[in-house]
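Structure, as structure tokens:
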Amino acid sequence: MDRYFNSPVSWGHVGIFALEAIAALAVVIVFVTYAIYFERKVIGWMQFRIGPNRTGPLGLLQTVADVAKLLLKEDTIPARADKALFILAPALAFVPSFLVLAIIPYGLHLPFADLNVGFLYYIALSGVTTIAIVVAGWASNNKYALLGGMRSAAQMISYEVPLVMSIVGVTMMTGSLNLREVVLHQTGYFWHWNFIPQILGFAVFVVAAVSELNRTPFDLPEAESELVAGYHVEYSGFRFAFFMLSEYIYMYAIACLATILFLGGWNPPFPQLDFIPGLIWFALKFAVIVFFLFWIRATLPRLRVDQLMGMAWKVLLPLAILNIFLTALGIEWWG
Amino acid sequence: MSGEDRREESAKLNETKGEERRETEEEAPTEGSAGTSAEGAGTTPTDAPAEGDNREDVPSAEADSGAAGAGADPNGRKPEGEEQASAPKQVQAAAEPKTGPVDAKQAAEGEPAAPPAKAAEEAAAPAASSAGGEAPVRRQETDEEKAARRKAALEAREAAKAAAAQGAARPEAAGGAAAAGRNPAAAAGRAAPAAADAPPPPPSPNQPRLDRAAQLLRELVNEDAVEEASINEPNDHLPTLVIKRDRWQACAGLFRSHPELNIDYLRNVAGVDHETHMEVIYHLLSLDSGHNYAVKVRTDRESPSVPSVTPIWPTANWNEREIYDLLGIDFPGHPDLRRIMMPDDWVGHPLRKDYAPLDPEV
Amino acid sequence: MIRTEELLLNVGPQHPSTHGVFRIIVKLDGEIITEATPVMGYLHRGTEKLAENLNFTQIIPYTDRMDYVSAMTNNYVLVHAVEKLMGLEIPERAEFLRLIVMELQRVASHMVWWGTYLLDIGALSPFLYAFNDRERILQLFNELCGARLTYNYMRVGGVKWDAPDGWIDKVKEFVRSMHGKLEEYDNLASGNEILLSRIKGVGAYDAETAIAYGLSGANLRSTGVKWDLRKNEPYSLYDRFEFDVPVGTNGDCYDRYLLRLEEMRQSLRILEQALEQFPEGGETMGKVPRVIRPPAGEIYVRIESPRGEIGCYIVSKGKAEPYRLKFRRPSFVNLQILPKLLVGESMTNLVTILGGIDIVLGEVDC
Amino acid sequence: MKGTGIIKGLGVTLKTMGSKKSTLKYPDVPIEMPDRFRGIQYLDPDKCIVCNQCARICPTECITLTGKPNPDPEKKGKVLDTFDVNFEICILCDLCTEVCPTEAIVMTNNFELAAYSRDDLFKDVDWLYGNNTNVREDNNNIGAPQRGGAK
């Protein structure tokens, strides 16, 4: 990769970059398609059901069919909605979700953009999606959407704080925000991975990440039983698909981040297992995280707004700060 | 074949079937009554009168579970022995969260001691003498009743035919016909119990409670507060009071606050359109003592109004709204008297007997 | 200058958590409710008016559709009222069958409540766990009376169908396995800290308020008032069986939650005894006149439905049709306390409290 | 300890993942209903004696029927001419089969009635006669005259 960055720009390079980007996009789209499929399958299995099984063999084409349906649906915009914002919101939600994918290294030689401020880049861009959700809630001119949008703004801003604080420990141990270096620092046996020394940080990270994803038990912005569908109650067709897409892409990104920051990225748990390619190890860890997200969605009820905010500020933030202190002490005493 | 033909045909069928049915009907109750009274004569003397006085419900409860029924309640029907046995228990059970149930408890324990004995004494005499004589008397009554009913049914059928003949049944006509058909039936219904009351039945176990309640209301509210007081026997000897409309508010207050009555729970409020008048029925319950009362308040049909008891029992709130909605009875004193079931712009009150929908298509 | 205003929000009639077509107009200050006005009647079918032109056998299918989650108890309250008014004798076998189906129905109804309540609170799975087991009860009912929801099973004087061969054993088998299932329910949700934080202390009222508002069933018992019509005013054969009436202490949603789970256990207890004592043979239909024509008079009977005291008030003028038929619907009466409970709560708690009262809209609107 | 409840719950869902599923393959595999199931009625016009019991007992008045004199002059009584059930309002309550003295109208286990038009739900005697599969064996017509009443 580096040689492309260092050599002068030519049409050939542009073509290669474009192809790479398209390949990455294809991977992500395939992931989203089958993440939705497996989410439904897994939750179905946990509820004495078998999940989607009618479209295509084993129901594998279910999501494809769903997307096709969404594409063909009539595009409705409520008469009293703020049209410009209403149209802008889905795009605003979904553009940053793709942008954050640029920094994720899947293997030692498979990074796209090797930024030194990798994690901060992620936080900065994912924050834009919050704005999109508020805009969507506001532009719909619907009270449920508005409530959902407001909830989402409060929730995502609150949880970004513990999310960032939780990885400060990792950064301190690594000495860098560059995601590739974070992984390289975790080379060795699995107890060298960050999730053991940073167990507290890992816990805070997982909780805050689930909250950032607006998934159960933190799915208040779209709490079905209270707000019907929350901020996207008025959206249908492909605009709705955009929100859906960005949600799942964030899930992909967060699962990748958790793998990289705490589970040793592409490193095998034992150096002896080195013969298995790093990409497979990465995918395995990633799958575990994604499965965990499905699993808690199938099990847990939803928090209340005040409890949610209380949890962010009264539990997670102090824990994250405590984690920073402990890490500092650890580094001071044991190096 | 048109609808009219069909109707005629079914009417004919009705007639033939009806006769068959009448026969079977006549057989059934007499059989039952003969059986039960014979049984009554055969067993302990306390059994018979209890059945003798409940002529409305012929086969009583004890036979369905011979041993249990006879052992537990000597009266044959369940209320007395059962309720008294359970009343103190209820008091104890309910005593924890409540304050001052002492007098209620005393009432529950002291009161019932007398009536069973009395009932037994009075019961013994007629049972011994007239156990054989009971059955024919009753059969005669049923015959009378049957005759009246047959007449009523005939009239009703004729009225219905007349209405049908008029073609597109206009609501007034149909309503009138229905009313014409109903009135004799109602009259017959009323006549039957009147005839049945000839031999004075032994007092109900709940009679003292009814008398006491009536006395309290008369003393503490007004002499004319209670218009009628009776025991509704099929309904577990439910003491039923008819209260003068103007006194109802004060009476309700007394029911709620008087330590001896202590009605804290309003079970049900129902409105009935009796065509001659409107009636609101309150089913009251004291959770401490387990005592039930039914209170009826009558009002005229033209501008029906009954004082609201929502300030006394908040339960009444929606119930009164429902009655207002469906029967059109006004409840002065209600905090928020609006329609509750029907749309706000609905015309008429559907549960009234003369209700005709504004738009018959709906 | 920031201008603030109250938000007037229509919750319903089409809303996932109003359990049917029920509407609450709430005034919101932020997410805090300052005023709540329930609006109902969207499912009003005029059962009481329809009944005035139907004979008693014909009314039974209509009662199925009132509280459609618990049709058996509705059937029972009507036939019980008519039987009492006519003084009919019910064969023991029929009475046993009625009791068994009513208790099965109570379990099934509480399962629906449990599942939907947790769905309201945001947990997806309990709903399917509950329905998976309820399915077995419905299957039993289907074998018994040929329908899964609107049973039309009871008749004045008895029941329509005798138990088919092997049915009692199937019920026994079900009751046996259900104990384990209830434990699984507890494991799945009852201990969940998120659930506890959501329902503990929410929607609390004291015994006095509960009695004043005429609440019944678990709503009343959660305040500590030990009032269960099966014990206090026994009907059917309930005085033959041993069971406890669980009561709560705080009167909050958590108590109601625990009470309903415990009531399922008690129902299983009753079922176990009833199935043991189930009589070998006998009629399922008593001696009933050809045309059911109660004598002139009136009667109010009440039984303990899964939702509370369901009552039936009949005014008869000696005809085959009731002159007036009024149902005291527990959901309707219990719901009255809702506006009082909602003031000062958040939107989220609206769902929790409404779900905790356990209403069925078919019954509220009737 | 905080969190044990959540972990227990996670355990239950995880355990369920491997358990037997209860999904029915409904349209592919037809559902077998028990014999007593109340499905769409089957009508045998030859048995019908045009007694009108079913039309009278029907709570929703969805049955209309007419009879004609028996074409065979030797025999008395009537034979069925038309018989219509409006399945838009039929609630399959079983009362019509309960009162039928000759078991001319009986329930079947068929329950699929969905149609694109409301008119299709208006079924006549031929259709009901043709609905002759899965006919219920035990009809238990307790309301019918000869067996009911004071039995």
Item to check | Test salt bridge (Lys or Arg N to Asp or Glu O under 4.0 Å) applied to Asp186(C) and Lys8(D), step by step | outcome: CA-CA 9 Å; Asp186(C) 273 343; Lys8(D) 262 190 195 166; over 6 Å; no
Which atom of [X] lies closest to which atom of [Y], heavy atoms considered:
X	Y	result
Glu193(C)	Thr4(D)	OE2-N, 3.5 Å
Thr13(D)	Ser125(C)	CG2-OG, 4.2 Å
Leu95(D)	Arg155(C)	CD2-NH2, 3.7 Å
Val12(D)	Glu184(C)	CG1-CG, 3.7 Å

Checklist entry - Do any of residues 61-74 of chain C come closer than 4.5 Å to chain D, heavy atom to heavy atom, and if so which ones, in number order? => result Pro61(C), Tyr62(C), Arg65(C)
Go through the atoms of [X] and report whether side chain, backbone, both or neither lie under 4.5 Å from a heavy atom of chain D.
X	answer
Asn132(C)	side chain
Ile59(C)	neither
Pro164(C)	both
Gln139(C)	side chain

Checklist entry - Between Arg36(D) and Glu143(C), is there a side-chain N and carboxylate O pair less than 4.0 Å apart? => result no
Check the surroundings of atom [atom1] in [X]: do more than 12 heavy atoms from other residues, nucleotides or ligands lie under 6.0 Å from it?
X	atom1	value
Lys25(D)	NZ	no
Glu183(C)	CD	no
Asp28(D)	CG	yes
Tyr129(D)	OH	no

Checklist entry - Can you list the steps and then say if Asp94(D) with Tyr151(C) is a side-chain contact (heavy atoms from CB on, under 4.5 Å)? => result CA-CA 10 Å; Asp94(D) 206 11; Tyr151(C) 311 110; over 6 Å; no
Next on the checklist: Looking at chain C, which one of Ser22(D), Gly9(D), Cys58(D), Pro59(D) has the largest number of heavy-atom pairs inside 4.5 Å, strictly under?
Outcome noted: Pro59(D)
Checklist outcome for this item: chain C shares the most heavy-atom pairs under 4.5 Å, among Leu92(D), Asp138(D), Asp35(D), with Asp138(D)
So, taking the atom named [atom1] in [X] and the one named [atom2] in [Y], what distance separates them when rounded to the nearest 0.5 Å?
X	Y	atom1	atom2	result
Gln58(C)	Thr60(D)	CD	OG1	9.5 Å
Leu54(C)	Glu61(D)	CG	CD	8.0 Å
Arg38(D)	Thr150(C)	CZ	OG1	5.5 Å

Item to check | Portion of Met33(D) that has a non-hydrogen atom of chain C nearer than 4.5 angstrom | outcome: side chain
Item to check | Asn192(C) side chain to Ile6(D) backbone, donor-acceptor under 3.5 Å | outcome: no
